[in-house]
> 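Below is one structure. I have some questions about it.
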Amino acid sequence: MADPSRVPKAHERRTTPRATYRKRRRRRERVHMFGQLVDLVKPEEVLHHVQDAVAEGRKSVVANHNLHSLYLLQKHPEMRAFYDMAELIEVDSTPMIWFSRALGLHSRGFHRCTYLDWRDHFWSVANRKAWRIMAVGGAPGVGEEAARRLGARYPKTEIRTRHGFFDARAGSADNAEVVAEIQAFQPHVLFVGMGMPRQELWTLAVFDALPDCVILSVGAAFDYEAGTQNPAPRWMGRAGIEWAYRLAQNPRRLFHRYCIEPWTLAPLAIRDLRAARRRMSGKTAARGADFGAPPTRNFPHGT
């Protein structure tokens, strides 16, 4: 166990040159794939959204989609209500980014982002602004170790954790206790890391009782911070092979997720490809009829 006094100081991100990014999303950055809405945003844009919501005291849900969540939606359609109320939905899947390009959508490699991609930026901002952060999830003891390590690096943050091994059913004493603890702490940001679909369904069930804060579903984020799980190198995420790293670490638990579940999405993928072909054919016909006017396009409820 590392001595907090020997933990290196956090890298000060403000001294590092950063690429510019838009502070307001364009309509074409909220797109449909596999029958779901996702946002093509950079990690920096996720953090800008979080900072805005915290500054405004606004309750906001930041969700994420990957091939596993798309599979789970087929088995748990009640999850759709969670994604419907999310203000921002990250694309946590390089294969989804590749597929979006096949659909002719406006996507780049940096649009694949998840907690591990913006964690350093997040904690730097949280430390600078002295945010209160609460995390619900993980095994007993994991959150405490994660908070100890993070607190040593980011001493201005106030971090509270609650393990995810509780009765999350509506009306249970456990559930009421967890919600009451969150209400008393009044976090600026609430991380919910209980695995899919439990974390999404729990957030949906208790949403109205939660205080105004930014709520992010983050899976095993605090397991990584506590050192109980080793994250894949970020280059593997960008290359689209992070799944192979995780599968090698836990093949029995993850074989079905990575080797079976994606094939169930084939009908949705074929439908999207056919729609993209029709759309592209329509654009070509419209350009042939009127070289000066681009074809109109209907967008989903954009931001």
Side-chain angles (χ1 to χ4, degrees), residues 13 16-53 60-73 82-84 86-122 124-125 196 200 214-219 221 224 231-246 258 262 265 268-269 271-273 275-276 279-280 297-303:
R13 299 182 75 263
T16 304
R18 286 176 248 167
T20 58
Y21 61 91
R22 289 186 297 277
K23 293 186 177 181
R24 191 170 299 278
R25 283 174 289 158
R26 297 175 179 173
R27 287 192 301 165
R28 68 177 180 173
E29 291 171 341
R30 169 153 278 202
V31 301
H32 268 109
M33 279 193 288
F34 298 100
Q36 296 299 309
L37 287 170
V38 293
D39 294 299
L40 300 177
V41 289
K42 299 180 183 180
E44 292 88 350
E45 292 166 328
V46 175
L47 263 294
H48 181 78
H49 174 87
V50 171
Q51 290 181 76
D52 269 1
S60 177
V61 172
V62 178
N64 64 84
H65 261 316
N66 52 38
L67 297 182
H68 182 51
S69 65
L70 295 172
Y71 164 79
L72 288 173
L73 275 169
F82 169 80
Y83 288 99
D84 286 344
E87 285 194 311
L88 189 69
I89 305 174
E90 300 173 277
V91 180
D92 177 17
S93 168
T94 299
M96 285 182 67
I97 294 296
W98 292 341
F99 184 67
S100 72
R101 292 177 186 172
L103 299 179
L105 299 176
H106 177 75
S107 63
R108 300 290 185 272
F110 51 65
H111 288 139
R112 185 270 189 192
C113 62
T114 186
Y115 173 80
L116 291 174
D117 297 313
W118 45 256
R119 65 196 283 199
D120 292 336
H121 187 180
F122 173 86
S124 175
V125 170
M196 292 180 169
E200 287 79 15
V214 181
I215 305 160
L216 300 103
S217 53
V218 292
Y224 297 134
R234 300 323 301 144
W235 69 265
M236 296 187 77
R238 293 189 294 270
I241 56 174
E242 184 173 357
W243 66 271
Y245 180 91
R246 298 189 65 197
Y258 293 130
L265 303 175
L268 295 173
R271 186 183 66 184
D272 282 354
L273 289 168
R279 184 175 67 249
M280 292 174 185
R297 178 176 172 186
N298 294 323
F299 290 90
H301 53 283
T303 55

> Ring centres of F99 and F34 under 6.0 Å apart?
yes
> When you look at H65 and D92, which way does the side chain to side chain contact (heavy atoms under 4.5 Å, CB included) test go after all the steps?
CA-CA 6 Å; H65 261 316; D92 177 17; over 6 Å; no
> Given F122, which of V46, L47, D117 fulfils the side chain to side chain contact (heavy atoms under 4.5 Å, CB included) condition?
L47
> Assess the side chains of H111 and S107: does a donor N or O sit below 3.5 Å from an acceptor N or O?
no
> Verify, without hydrogens or angle tests, whether N64 (side chain) and S217 (backbone) share a donor-acceptor contact under 3.5 angstrom.
yes
> How about L40 and F110: do any of their side-chain heavy atoms sit closer than 4.5 Å?
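With C-beta onward as the side chain, the pair stays apart.
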> Could you report the tightest heavy-atom contact between M33 and V38, atom names first, then the distance?
CE-CG2, 3.6 Å
> Might you point out which heavy atoms bring L103 and R279 nearest each other, and give the distance in Å?
O-NH2, 2.7 Å
> Please give me the minimum heavy-atom distance between V62 and V214, naming the atom from each residue.
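Nearest pair, atom of V62 first, then V214: CG2-CG1, 4.1 Å.
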> Drop me the distance from W243's CH2 to M236's CE, to the nearest 0.5 angstrom.
9.5 Å
> Would you say Y258 and R246 are linked by a side-chain donor-acceptor pair, where the criterion is simply a distance under 3.5 Å?
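Result is yes, a qualifying pair exists.
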> Find the distance between NE2 (H32) and CG (L268) and round it off to the nearest 0.5 Å.
12.0 Å
> What's the shortest heavy-atom distance between P95 and L67, and which atoms?
CB-CD1, 4.3 Å
> Given 3.5 Å as the limit, does a donor-acceptor pair link the side chain of N66 with the main chain of H68, or not?
yes
> Would you mind checking if E90 and K42 are paired as a salt bridge, meaning a charged N to carboxylate O distance below 4.0 Å?
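Salt bridge flag = no for E90 with K42.
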> Under the criterion side chain to side chain contact (heavy atoms under 4.5 Å, CB included), I'd like the reasoning laid out for D39 against E45: C-alpha separation, chi angles, the key distance, then a yes or no.
CA-CA 10 Å; D39 294 299; E45 292 166 328; over 6 Å; no
> Quick one: closest heavy-atom pair of F82 and A63, and the distance?
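Scanning both residues, the minimum pair turns out to be CE2-CB, 3.5 Å.
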> So, the side chain of S124 versus the backbone of H121: is there a donor-acceptor pair under 3.5 Å, distance only?
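No, the answer is negative, given that no donor and acceptor are paired below the 3.5 Å cut-off.
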> Would you mind reporting whether Q36 and L70 have side-chain heavy atoms less than 4.5 Å apart?
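Yes. Closest side-chain heavy atoms under 4.5 Å.
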> Considering all heavy atoms of both residues, which atom of E242 and which atom of A232 are nearest to each other, and what is their separation?
CG-CB, 3.5 Å
> Does S69 reach the side chain of Y83, with side-chain heavy atoms less than 4.5 Å apart?
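When only atoms from C-beta onward are counted, Y83 and S69 do touch, with a gap below 4.5 Å.
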> Ignoring hydrogens and geometry, is there a side-chain-to-backbone donor-acceptor pair from D52 to H49 under 3.5 Å?
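Pair absent, no side-chain N/O of D52 close to backbone of H49.
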> Considering only heavy atoms from C-beta outward, does the side chain of L88 approach that of V41 to under 4.5 Å?
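They are in side-chain contact.
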> Which value, rounded to the nearest 0.5 Å, describes the distance between D84 atom CG and L37 atom CG?
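Reported to 0.5 Å precision, the distance equals 8.0 Å.
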